[in-house]
Number of protein chains: 2
Amino acid sequence: MSDFPVSFTGGYSRPVPKPESASLDFAVDRSSPVPLYYQLAQQLESAIEHGRLAPGSLLGNEIELAGRLGLSRPTVRQAIQSLVDKGLLVRRRGIGTQVVHSQVKRPLELSSLYDDLQAAGQSPATRVLRNETEPASAEVAAALGIAEGSEVQVIERLRLTHGEPMAYLCNYLPAELLDLDSARLEETGLYRLMRGAGITLHSARQAVGARTATAEEGEQLMEPEGAALLTMQRTTYDDTGRAVEYGTHIYRASRYAFEFQLLVRP
Amino acid sequence: MSDFPVSFTGGYSRPVPKPESASLDFAVDRSSPVPLYYQLAQQLESAIEHGRLAPGSLLGNEIELAGRLGLSRPTVRQAIQSLVDKGLLVRRRGIGTQVVHSQVKRPLELSSLYDDLQAAGQSPATRVLRNETEPASAEVAAALGIAEGSEVQVIERLRLTHGEPMAYLCNYLPAELLDLDSARLEETGLYRLMRGAGITLHSARQAVGARTATAEEGEQLMEPEGAALLTMQRTTYDDTGRAVEYGTHIYRASRYAFEFQLLVRP
DNA sequence: GACATCACATTGTCCTGACATGTGGGGTTT
DNA sequence: AAACCCCACATGTCAGGACAATGTGATGTC
């Protein structure tokens, strides 16, 4: 299947185990403002995604690839490295670079529930239950790294799909960070609004647990009392290290589970 | 399209970027087999960890740093980049590189419960309930990507801390992959044994959910029937893309929660 | 005083070149 | 035939330079 006649290596010294990627029409546009390594990385990723680069196949050596594209080896290496970081390629010294053959999905982004649901075609809806400011409790102040009693914005939302509740979300933000319109909150996710306001999200610390539902929680989520609930607490930081959001979320375990992909960092 | 430019980049004053270019005594050892960029990265990480590089402080420009250490700029950049990937540093064109000031922990490694507990000083113990081979069920075969009915090794374990059960773990491995001694399984984690056998773990796909305990589960974990349980299913792949392990784990929600750090990939 | 402009500092990108190190095949020796 | 050695090959590491892009702050202009 993956062995085909060797033509360009000139049959010189060794049979070559599996030469691949011989004549994929990679080409870069030097007049484009997009970095060259990035153009190449995207073309490689696309080729992998569409099966033009078979899983397990070798990528051909960097020097030859650089020469064919008119690029320098560091540029090609940068492109390859970015895909290695994504988990699409594996490098082996002395062997070559090959396409990993597993169903690698997105490696756990800092995603909003809203986007997740939308991507799954679930047509999410949001009902804003509360949107106002209040003095920070000790717990919230500690999570956001601010003084207890400072004003924070509190948002309580119910997330629904197909008319049924899916999760109850409670978020706290430093008061002056952002003015949040309830109408906009019902149309999109919180993270998208924050990004739109010039806040660059950088990292988050999460804790995922479980507990049984109280009577009120059950009523709100249309679950019986004592049903299993999936809980998550998350503190999100921007690129200056400032905490910009703290949230306590409750999901119906019967209708939601966290799925994600991990990569090992060598 | 997630980000769109909005002019509300408020005049909120950021804490002054201290132009602090600490002249720490970084030095590399050229006679060492350890790569120079790696030596530098470790020294930087250590300096950040121990507070010798204050959060928010600038790192001094790359060219000057390279000159001071007798290294080339690409080497210094490689060191810095590795810390940026870890989330410890942030680069800004035109500004400089600064230490992010948040309590960044390990960004969610592919960790074993055993190591996690050991790191937390919990002195974990393992009781192997079952360790034998059986034909793969449809579910297991699908997860491992092998034929239904192939022999797989089944391991059922109870993980305890302080004499109390913490989790029930059930794992399936392709039969010929590894010979697992029950005695060794009681002394360490499964992943450590696999790594020791020359298997390089590469990625994993996880699902975390919750449900209530059945009577038998409750008895095994010393929880009442109906208690909330945290469930996880995980398929682990090695660097060739082969599935090497599939596991179904059940944790006592009253005693365990998943905690992890996420990084946004730009 | 408000605003546009320019110089400067710093990272981003890209190049050429060199040597080191681990892998695996083929030839040689035992 | 089996064991060993050697060498080509691929990636890993490192150097040094050049120019581009961008945020900051000072300068100048209206």
Side-chain angles (χ1 to χ4, degrees), chain A residues 6 8-21 28-41 57-67 69-85 89-98 198 200 239-240 266, chain B residues 5 9 11 13-14 16-21 28-41 57-85 89-98 198 200 239 266:
Chain A
V6 186
F8 67 94
T9 48
Y12 175 53
S13 60
R14 67 172 196 173
V16 183
K18 276 193 217 168
E20 291 270 343
S21 87
V28 293
D29 176 12
R30 280 186 180 274
S31 66
S32 162
V34 180
L36 301 179
Y37 79 90
Y38 195 79
Q39 292 183 39
L40 176 55
S57 64
L58 291 176
L59 204 60
N61 76 59
E62 300 168 346
I63 308 200
E64 189 266 345
L65 184 57
L69 292 173
L71 298 173
S72 71
R73 190 178 161 216
T75 302
V76 172
R77 275 185 68 81
Q78 193 172 3
I80 292 177
Q81 188 59 46
S82 71
L83 296 186
V84 171
D85 290 339
L89 298 177
V90 178
R91 323 179 84 142
R92 283 178 220 270
R93 178 187 292 202
I95 308 290
T97 304
Q98 56 186 150
T200 58
D239 54 4
T240 69
Chain B
T9 54
S13 69
R14 291 236 161 109
V16 185
K18 295 171 260 183
E20 164 189 344
S21 174
V28 294
D29 174 13
R30 278 182 183 275
S31 67
S32 163
V34 181
L36 301 179
Y37 79 90
Y38 195 80
Q39 292 183 39
L40 176 55
S57 64
L58 292 175
L59 203 59
N61 76 58
E62 300 168 348
I63 305 192
E64 189 263 348
L65 184 57
R68 199 147 46 104
L69 293 174
L71 298 172
S72 70
R73 189 178 163 217
T75 302
V76 173
R77 275 184 68 81
Q78 193 172 1
I80 292 176
Q81 187 59 46
S82 71
L83 297 185
V84 170
D85 290 339
L89 297 176
V90 178
R91 325 178 80 141
R92 284 176 216 271
R93 181 185 295 201
I95 309 292
T97 304
Q98 57 185 155
T200 57
D239 55 3

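Below, chains carry the letters A, B, ... as their sequence lines are ordered, and counting in each starts from 1.
- In terms of phosphate contacts, B:Thr97 brings a side-chain nitrogen or oxygen within less than 4.0 Å of OP1 or OP2 of C:dT11.
- When the side-chain nitrogen and oxygen atoms of B:Tyr37 are compared with OP1 and OP2 of D:dC14, none of them lie within a distance under 4.0 Å.
- For the pair A:Gln39 CD and C:dC14 C1', the interatomic distance rounds to 13 Å; values are reported in whole Å.
- Of the two residues near DNA chain C, B:Pro33 and A:Gly70, the one whose nearest nucleotide lies more 5' is A:Gly70.
- With hydrogens and angles ignored, no donor-acceptor pair under 3.5 angstrom links the side chain of A:Arg92 to the base of D:dG12.
- In this structure, B:Gln98 places its CD atom 11 Å from P of C:dT11, rounding to the nearest Å.
- Taking atom CZ of B:Arg77 as the reference point, atom C1' of C:dC14 lies 11 Å away to the nearest angstrom.
- Distance, A:Asn61 CG to C:dG24 C1': 16 Å, rounded to whole Å.
- Here the nucleotide nearest the side chain of A:Ser72, chosen from D:dA15, D:dT11, C:dC14, is C:dC14.
- Counting to the nearest Å, the P atom of D:dC14 and the OH atom of B:Tyr38 are 13 Å from each other.
- Using a 4.5 Å heavy-atom cutoff, the side chains of B:Gln98 and A:Asp239 are not in contact.
- Nearest-nucleotide positions on DNA chain D place B:Gln78 closer to the 5' end than the other of B:Pro74 and B:Gln78.
- Looking at B:Leu83 and B:Arg91, their side chains never come closer than 4.5 Å, going by heavy atoms from C-beta outward.
- When heavy atoms are screened at a 4.0 angstrom cut-off, A:Thr75 is found touching the sugar-phosphate backbone but no base atom.
- Atom-to-atom, CD of B:Glu62 to P of C:dT10 comes out at 10 Å; the value is rounded to the nearest Å.
- Atom CD1 in B:Ile63 sits about 14 Å away from atom P in D:dC19, given to the nearest Å.
- One interatomic measurement links the two molecules: CD1 of B:Ile95 to P of D:dG23, which rounds to 8 Å at whole-angstrom precision.
- Nearest heavy-atom pair across B:Thr75 and B:Leu71 is CG2-CD1, 4.3 Å.
- Within 4.0 Å (heavy atoms only), A:Pro35 reaches sugar-phosphate atoms of the nucleic acid but no base atom.
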Residues 34-41 of chain A, side-chain donor-acceptor partners within the protein, below 3.5 Å, at least two apart:
| from | atom 1 | to | atom 2 | distance (Å) |
| --- | --- | --- | --- | --- |
| A:Gln39 | OE1 | A:Asp29 | N | 2.8 |
| A:Gln39 | NE2 | A:Asp29 | O | 3.0 |
| A:Gln39 | NE2 | A:Val34 | O | 2.9 |

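- Using a 4.0 Å cut-off, some side-chain N or O of A:Arg30 falls inside it from OP1 or OP2 of C:dC15.
- The salt bridge (charged side-chain N to carboxylate O under 4.0 Å, His left out) contacts involving residues 71-83 of chain B comprise B:Glu62-B:Arg73, B:Glu62-B:Arg77, where partners must be two or more places apart or lie in separate chains.
- Nearer the 5' end of DNA chain C, as judged by each residue's closest nucleotide, is the contact made by B:Arg91, out of A:Arg73 and B:Arg91.
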